[in-house]
2 protein chains.
Amino acid sequence: MHPRIIDTLKRRQLSITDSRKKILELFLERKAALAHADIEQHSGDEFDRVTIYRTLQTFVEKGILHTIPSADNSVKYALCKDACTEGHHHDNHVHFMCDACGITYCLDHVTVPAVQLPPGYQVHQLDLVASGTCIKCQ
Amino acid sequence: MHPRIIDTLKRRQLSITDSRKKILELFLERKAALAHADIEQHSGDEFDRVTIYRTLQTFVEKGILHTIPSADNSVKYALCKDACTEGHHHDNHVHFMCDACGITYCLDHVTVPAVQLPPGYQVHQLDLVASGTCIKCQ
DNA sequence: ACACAAATGCAACTTTGTTGCAAAATAAAT
DNA sequence: ATTTATTTTGCAACAAAGTTGCATTTGTGT
Ligand SMILES: [Mn+2]
Ligand SMILES: [Mn+2]
Ligand SMILES: [Zn+2]
Ligand SMILES: [Zn+2]
């Protein structure tokens, strides 16, 4: 088991359960974003569908995962950096979705540029999603 | 009926049907983006749910509507500019979702800034979605 | 007015997401 | 280490969202 798992859960005062450990491990070993359906597939019938929904929701609330918007009605989830805490996310990096292999990457080192909006719009969050062909699919 | 409706459909060689006229009119009179559910509500039981799905899909394919990504599993649709044609969208503007009123706006005059991605990533599309408080909800 | 092609409505179905509650697992207290 | 309290899980039942095939209707071109 990945050494960060217990620590990550404890720091958020979450009980250490099998499903949480396993789902967190999935995210730690794959580097890419995962959708609910991906997790359901990779965990077989180890947990109930409902447990996966609730675990993802908890992880987002506690700052362990962040969501990635998409135009195809399939929200993906990816690991946050340590800076994120309960209710305070700082995932201001660009995301990349590959049209060929379907993988979604967090480009942690590419920050979202500031944009000048018309006066009167107060921005709380900026999401920039790029799509195209990833480095493996060229 | 809005004067642009017939023209818009004919230019894409689409048959002029009641549902297409009505759905297109909805988008033309409201300036904001609409989700499938919004259209279903505003059209009562005038058309079948399936017809709305198929109409939206056709409109996206033909360059009449574009989709707007979101992090809450609810795809919204908005009118394209005339530049968009079948299979070739040019909707490179910023979108704004208001947390208060829920309205999603196309900021047609705010273009998405270029970003420098790591080498090997070939970008086909860039989507920038801002969220916060809109001008009416301040 | 007619023939052909395209779009619609309906039904049946699949997939996705939600909720309440009893049972099981985890954490805290003794 | 046991017991108690709290939290999480699985199940069932449900609601919402999206898909597909096919007969009927509507629209288009002659
Ligand atoms: Mn990310
Ligand atoms: Mn737009
Ligand atoms: Zn790829
Ligand atoms: Zn608003």
Side-chain angles (χ1 to χ4, degrees), chain A residues 1 5-26 33-62 64-65 67-77 86 102 104, chain B residues 1 5-27 33-65 67-77 86 102 104:
Chain A
M1 188 174 66
I5 290 179
I6 303 292
D7 191 55
T8 303
L9 293 174
K10 275 198 173 154
R11 205 177 330 175
R12 271 84 176 190
Q13 306 174 54
L14 290 170
S15 352
I16 317 289
T17 69
D18 286 350
S19 40
R20 286 176 181 165
K21 280 189 285 185
K22 187 66 180 286
I23 290 175
L24 192 45
E25 184 153 46
L26 251 180
L34 294 169
H36 176 279
D38 298 326
I39 298 167
E40 205 174 335
Q41 283 192 322
H42 284 288
S43 65
D45 49 358
E46 205 168 344
F47 328 108
D48 195 80
R49 253 162 22 87
V50 179
T51 301
I52 299 177
Y53 281 115
R54 296 198 263 227
T55 303
L56 289 173
Q57 188 182 308
T58 302
F59 282 4
V60 170
E61 285 166 8
K62 294 287 184 175
I64 297 173
L65 297 179
T67 56
I68 303 170
S70 77
D72 68 339
N73 252 349
S74 80
V75 174
K76 300 218 175 181
Y77 299 83
E86 177 157 6
T104 297
Chain B
M1 188 174 65
I5 291 178
I6 303 293
D7 192 55
T8 302
L9 293 174
K10 276 198 172 156
R11 205 178 330 176
R12 271 83 175 192
Q13 307 176 52
L14 290 171
S15 351
I16 318 290
T17 69
D18 286 349
S19 40
R20 286 177 180 165
K21 281 188 286 185
K22 188 66 180 288
I23 291 175
L24 192 44
E25 184 154 44
L26 252 179
F27 278 98
L34 295 169
H36 176 279
D38 298 325
I39 298 166
E40 205 173 335
Q41 284 191 321
H42 284 287
S43 65
D45 49 358
E46 205 167 345
F47 329 108
D48 195 81
R49 252 161 25 87
V50 179
T51 301
I52 299 176
Y53 281 116
R54 295 199 264 228
T55 303
L56 289 173
Q57 188 181 311
T58 303
F59 281 4
V60 170
E61 283 166 8
K62 294 288 183 175
I64 297 173
L65 296 178
T67 56
I68 302 170
S70 77
D72 68 338
N73 253 349
S74 80
V75 174
K76 300 217 174 182
Y77 299 84
E86 176 158 5
T104 298

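Lettering of chains follows the sequences in order, A, B, ..., and the numbering in each one begins at 1.
Taken to the nearest 0.5 Å, the NZ atom of A:K62 stands 13.5 Å off from the CZ atom of A:R11. Distance OG1/B:T17 to CG/B:L9: 7.5 Å, rounded to 0.5 Å.
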Trace of the side-chain contact (heavy atoms from CB on, under 4.5 Å) decision for B:Y53 with B:Q57: CA-CA 6 Å; B:Y53 281 116; B:Q57 188 181 311; over 6 Å; no

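Nearest heavy atoms, B:A71 versus A:T67: CB-OG1, 3.9 Å. Of all the heavy atoms in B:G63 and B:R12, the pair that sits closest is O-NH2, 3.1 Å. Taking all atoms of both residues into account, the shortest heavy-atom contact from B:I23 to B:F47 is CG1-CE1, 4.4 Å. Smallest separation of non-hydrogen atoms from A:K76 and A:A33: CB-CB, 4.0 Å.
Rounded to whole Å, atom P of D:dT19 lies 11 Å from atom CG of B:L56. Distance, B:F47 CZ to C:dG9 C1': 12 Å, rounded to whole Å. If you take CG of A:D48 and C1' of C:dA25, they are 15 Å apart, rounded to a whole angstrom. Distance NE2 (B:H36) to P (D:dT19): 9 Å, rounded to an integer number of Å. The nearest whole Å value for the distance from the CD atom in A:Q13 to the C1' atom in D:dT6 is 14 Å. Atom CD1 in B:I23 sits roughly 12 Å away from atom C1' in C:dA7 (whole-Å rounding). Rounded to an integer number of Å, the gap from A:K22 NZ to C:dA25 C1' is 18 Å. For the pair A:R20 CZ and C:dT26 C1', the interatomic distance rounds to 10 Å; values are reported in whole Å.
Of the residues near DNA chain D, B:E40 and B:I16, the one whose nearest nucleotide (by heavy atom distance) lies more toward the 5' end is B:E40. Projected onto DNA chain C by closest heavy-atom contact, A:T17 and B:T17 fall at different nucleotides, the more 5' of which corresponds to B:T17.
If you check every strand for non-hydrogen atoms under 4.0 Å, B:T58 touches nothing. Across all strands, A:E46 comes closer than 4.0 Å only to sugar-phosphate atoms, never to a base (heavy-atom distances).
Between B:N73 and C:dT16 there is no side-chain polar atom (N or O) within less than 4.0 angstrom of OP1 or OP2. Note on A:S15: every side-chain N or O is 4.0 Å or more away from OP1 and OP2 of C:dA25.
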Enumerate all atom pairs, one protein N or O and one N or O from nucleotides 18-22 of chain C, separated by less than 3.5 Å.
none

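Comparing the end axes of the helix from C:dA1-D:dT30 to C:dT30-D:dA1, each fitted to five base pairs by superposing C1' atoms of four pairs onto the next four, gives an inter-axis angle of 40° (nearest 10 degrees).
Using a 4.5 Å heavy-atom threshold, the side chains of B:I6 and B:M1 count as touching.
For A:D72, the side chain to side chain contact (heavy atoms under 4.5 Å, CB included) partners at least two apart in sequence or on another chain are A:S70, A:S74.
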